[in-house]
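Note that this is a predicted model, so its numbers are computed, not measured. This chain uses plain numbering: 1 for the first residue, then up along the sequence.
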Amino acid sequence: MLFLLISGFLLLTLSQVQAGPLVPRFDEPVGGYAPDEVLVRFRAGTTPAQRQQAAGAIGIRFVSLAPDVQRVRLKPGETVASAVTRLAADPAVAHVQPNYRYHAALAPNDSDYGQLWGLNNTGQTITGAVYGTANPGVPDRDIAAEAAWDISTDCRDAVVAVLDTGIDYTHPDLVANMWDGGAAYPNHGWDFVLAGDNDPRPVGAGEHHGTHVAGIIAAVGNNTRGATGVCWQARLMAVRVLNANGIGTTADIIEGIRFAVDRGAKVINMSLAGESPYDAFYAEAIDYARQHDVLVVTAAGNEGVDVRVGSDGNSGTWIYPCAFSHENLICVGALDQAYDIASFSNYGTVDVDLGAPGTNVRSSLPGQVLVDDFSGWSAVPADGWTSTSCDVGYGPMNMLVNPANWCPPLNSLPSNPYAADANDVIYRIFDLGNGVVAASLAYYAFMDVAAGDTFASAYDAFGNNPFAGAGSFLQAPIDGSSLPQSFYFEHDLGNCLTTTCAIGFRLQGNGDATTATGLSIYYLELKTLEPGSNSYGNYNGTSMASPYVAGIAALVRAFNPDYTFADTVEALIEGGDAAVGTFVGRSRTDRTANAEGALRYLAPPGNFTVSVR
């Protein structure tokens with residue numbers, strides 16, 4: 001296709017030569033053109049002196065590309081538009097044009113690229129959104145990735161270590177961009193959480209975090225598959241320092257940082273945060289990275305508070321690692337699709353350095369995430385539980401409710417009791433077979449169950465009513481006397497990895513006269529772990545903002561091999577955009593990440609003197 005397009009262009013040019021030079025329009029094409037050069041074809045029979053006179057009028061350097069074609073470097077102050085206009089009027093010139101730029105694909109052909117608003121915000125509506133504000137967003141509020149890719153897409157000269165829950169290095173969109181650890185580290189990194197081995201792949205269904213982060217940095221670009229990262233080509237080092245619950249210790253993180261530094265990482269991403277007193281050993285580990293010229297990028301945290309205030313009311317605890325003052329540490333807050341600060345993002349005019357996209361961010365996952373719409377459930381008896389849409393102050397959402405008329409007026413409590421002798425079950429069959437190696441269930445509930453009455457959840461691996469015989473409890477019956485108004489449950493489904501895994505809930509009354517208003521189940525989510533799966537999903541968090549900046553840092557360091565961490569920090573900040581909207585005044589720099597700006601940023605010269613003679 002490229003040959004046909006070029007051939008067509010040449011045919012057009014040759015046909016125009018007969019009638020006079022072709023003067024291009026100057027509505028700049030997508031790929032742009034060199035800002036200080038033009039290409040000139042001279043008419044047959046022109047003398048060298050005529051060519052020199054024509055080119056010398058606008059240029060300072062000439063390179064022959066063919067017997068009658070020259071590449072002319074323009075004089076200072078001469079624009080491409082004026083040079084083309086002037087040369088087009090010269091009788092010695094047959095054709096003049098800009099020196100256009102061409103690309104393998106300026107915008108990658110990855111199938112989900114249109115949903116990656118952080119890379120290219122067209123004001124698109126994100127499907128499967130998990131953050132309702134500013135969707136659709138504001139066009140061009142993004143990291144200017146396409147303009148950066150015009151310069152470079154390759155980060156392989158700057159290894160990026162992801163300290164997280166591990167990376168599913170079998171994911172089809174990540175496998176080509178994993179770090180080669182050689183015989184000592186054949187699985188691209190190390191696991192410091194369990195016994196300590198060379199396999200940092202996630203082991204639980206809830207461990208999606210690290211794989212999602214890795215995809216933001218470097219899902220393979222332009223491979224027709226799923227998403228693309230800031231880096232199209234990269235070397236991702238997987239360092240597992242967080243467990244299945246997303247928790248890591250000082251010791252694990254210290255070991256992880258030193259592992260990454262000692263094995264050549266130039267950028268470390270740590271999408272993690274915690275409120276604590278000053279942690280001297282943690283600080284020393286980041287300083288170890290500084291001593292070895294390694295940049296550390298971290299998340300500001302998701303409590304919606306100032307990093308130096310925190311959420312626990314204790315002035316002696318700050319949110320780390322963001323609050324560390326190391327010059328090799330960049331802390332990132334989250335922006336929504338309008339580039340306002342995300343409602344959950346921490347902030348701070350001392351510690352937060354940049355803002356970056358952090359809502360409705362689509363990236364790679366090590367398995368599926370199914371948010372159930374509560375259709376297709378079986379109620380026993382039929383007049384107990386039901387599926388309905390209800391607004392309890394968060395907007396309409398599908399729920400399972402008992403009794404059927406449980407849904408209250410907005411912001412009010414329900415007033416209709418369930419039956420005193422209720423023994424109501426509702427369940428649904430899910431496919432958790434075919435390559436699933438782990439699965440988990442999470443859901444929220446509003447509950448008002450009387451003392452002596454109970455709520456329970458259970459499963460049956462063979463598709464039967466989980467409460468009718470061979471099923472097993474996920475949550476053993478909880479007496480209503482101990483139930484709060486709202487509840488969050490999370491369960492492992494490791495014993496239900498079949499194509500007929502039935503999951504159910506039961507409300508059971510004890511038959512006395514005391515009942516209550518009932519309950520509802522809402523936002524039910526199933527996660528799986530499936531090695532080699534081609535799965536993607538949307539997440540929110542400063543954890544998603546941090547890897548955007550880490551990816552830009554890797555682009556900058558790979559493109560400028562002599563850059564130190566300090567040069568990279570300067571490029572990230574000085575090449576960033578001015579903050580807008582509600583992010584203004586929420587960081588120490590009032591800047592947001594811009595990949596093109598960081599790549600194009602040149603530090604002003606220093607250490608020079610001027611003498612006048």
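Counting only distance, with no hydrogens or angles, the side chain of D590 and the backbone of G585 share a donor-acceptor pair below 3.5 Å. Side-chain atoms of N328 never come within 3.5 Å of backbone atoms of L295 as a donor-acceptor pair (strictly under, hydrogens ignored). Checking side-chain atoms of T568 against main-chain N and O of A553 turns up no donor-acceptor pair under 3.5 Å. Here the side chain of D191 pairs no donor or acceptor atom with the backbone of G166 at under 3.5 angstrom. Judged purely by atom type and a 3.5 angstrom limit, Y320 has no side-chain atom pairing as donor or acceptor with the backbone of A283. Without hydrogens or angle criteria, N135 side chain to T125 main chain gives no donor-acceptor distance under 3.5 Å. For the pair S457 (side chain) and Q475 (backbone), a donor-acceptor distance under 3.5 Å is present. Using a distance-only test at 3.5 Å, with no hydrogens or angles considered, no donor-acceptor pair links the side chain of H171 to the main chain of A219. In terms of modelled atom types and a separation under 3.5 Å, the side chain of T542 and the main chain of A545 share no donor-acceptor contact. Checked by atom type and distance alone, the side chain of S111 pairs as donor or acceptor with a backbone atom of G226 at under 3.5 Å.
In terms of heavy atoms, V193 sits closest to N243 at CG1-CB, 3.6 Å. Considering every non-hydrogen atom in both V436 and A439, the closest pair reads CG1-CB, 4.3 Å. Closest approach of A260 and A161 over heavy atoms only: CB-CB, 3.5 Å. Heavy-atom minimum distance, M447 versus A445: CE-CB, 3.5 Å. Closest approach of Y347 and G304 over heavy atoms only: CE2-O, 3.6 Å. Of all non-hydrogen atoms in C322 and A299, the two that sit nearest each other are CB-O, 4.0 Å.
Looking at Y339 and N121, their side chains never come closer than 4.5 Å, going by heavy atoms from C-beta outward. In this structure the side chain of M237 never reaches within 4.5 angstrom of the side chain of Y185, judged on heavy atoms. No side-chain heavy atom of H208 sits under 4.5 Å from any side-chain heavy atom of H212. Using a 4.5 Å cut-off on side-chain heavy atoms (C-beta onward), T153 and Q233 make contact. Contact of the I126 side chain with the R362 side chain is not registered, since no non-hydrogen atoms from C-beta on lie closer than 4.5 Å. Using a 4.5 Å cut-off on side-chain heavy atoms (C-beta onward), I319 and V305 make contact. Residues L524 and F374 form a side-chain contact, since some pair of their non-hydrogen atoms from C-beta on lies under 4.5 Å apart. Looking at P136 and W117, their side chains never come closer than 4.5 Å, going by heavy atoms from C-beta outward.
Listed by chain and number, the residues in a side chain to side chain donor-acceptor pair (under 3.5 Å) with R201 amount to none (sequence neighbours excluded). For E596, the salt bridge (charged side-chain N to carboxylate O under 4.0 Å, His left out) criterion is met by R600, not counting sequence neighbours. Taking D577 as the reference, nothing meets the salt bridge (charged side-chain N to carboxylate O under 4.0 Å, His left out) condition, with sequence neighbours excluded. Applying the side chain to side chain donor-acceptor pair (under 3.5 Å) test to S546 and every residue at least two apart in sequence or in another chain returns N269. Annotation: salt bridge (charged side-chain N to carboxylate O under 4.0 Å, His left out) contacts of D252 (sequence neighbours excluded): none. For the salt bridge (charged side-chain N to carboxylate O under 4.0 Å, His left out) test, residues two or more places apart in sequence or in another chain that qualify with D287 are R290. The side chain to side chain donor-acceptor pair (under 3.5 Å) test applied to Q124 returns T122, not counting sequence neighbours. For S543, the side chain to side chain donor-acceptor pair (under 3.5 Å) test picks out H209, with sequence neighbours left out.
Between the side chains of T127 and Q115, a donor-acceptor pair is found at a separation under 3.5 Å. Checking S311 against E275 by side-chain atom types alone, a donor-acceptor pair falls below 3.5 Å. There is a side-chain donor-acceptor pair under 3.5 Å between D173 and Y536.
How far CZ of F565 is from CD of E570: 12.0 Å, rounded to the nearest 0.5 Å. Separation of atoms CG (N346) and SG (C331) is listed at 8.0 Å; rounding is to 0.5 Å. To the nearest 0.5 Å, the span separating CG on L329 from CD1 on I286 amounts to 5.0 Å. In this structure, R240 CZ and T165 OG1 are separated by 7.0 Å, a value rounded to the nearest 0.5 Å. Here the straight-line distance linking atom OG1 of T589 with atom CD1 of I573 works out to 5.5 Å at 0.5 Å rounding. Note that NZ of K527 and CG of L493 are 12.5 Å apart. Values are rounded to the nearest 0.5 Å.
Using a 4.0 Å cut-off between charged side-chain N and carboxylate O, R588 and D353 make a salt bridge.
At most 12 non-hydrogen atoms from other residues, nucleotides or ligands lie less than 6.0 angstrom from CG of D180. The 12-atom threshold is exceeded at OH of Y488, counting heavy atoms of other residues, nucleotides or ligands nearer than 6.0 Å.
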Any chance you could lay out the ring-ring contact (aromatic ring centres under 6.0 Å, His included) test for F192 and F259, step after step, and finish with the verdict? CA-CA 10 Å; F192 290 99; F259 177 91; 5.8 Å; yes
Show the numbers, then the answer: is there a side chain to side chain contact (heavy atoms under 4.5 Å, CB included) between I167 and M178? CA-CA 9 Å; I167 300 175; M178 297 305 300; 4.1 Å; yes
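Aromatic pair Y278/F324: ring centres closer than 6.0 Å. In this structure, the ring of Y522 has its center less than 6.0 angstrom from the ring center of F446.
A salt bridge (Lys or Arg N to Asp or Glu O under 4.0 Å) check over residues 129-143, counting only residues at least two apart or in different chains, returns nothing. Among residue pairs with one or both ends in residues 152-165, those qualifying as salt bridge (Lys or Arg N to Asp or Glu O under 4.0 Å) are D154-R156; sequence neighbours excluded. Legend: side-chain hydrogen bond (donor to acceptor under 3.5 Å, both in side chains) pairs involving residues 550-562, not counting sequence neighbours, sorted by first then second residue: D293-R557. For residues 327-350, no residue pair satisfies the salt bridge (Lys or Arg N to Asp or Glu O under 4.0 Å) rule, not counting sequence neighbours.
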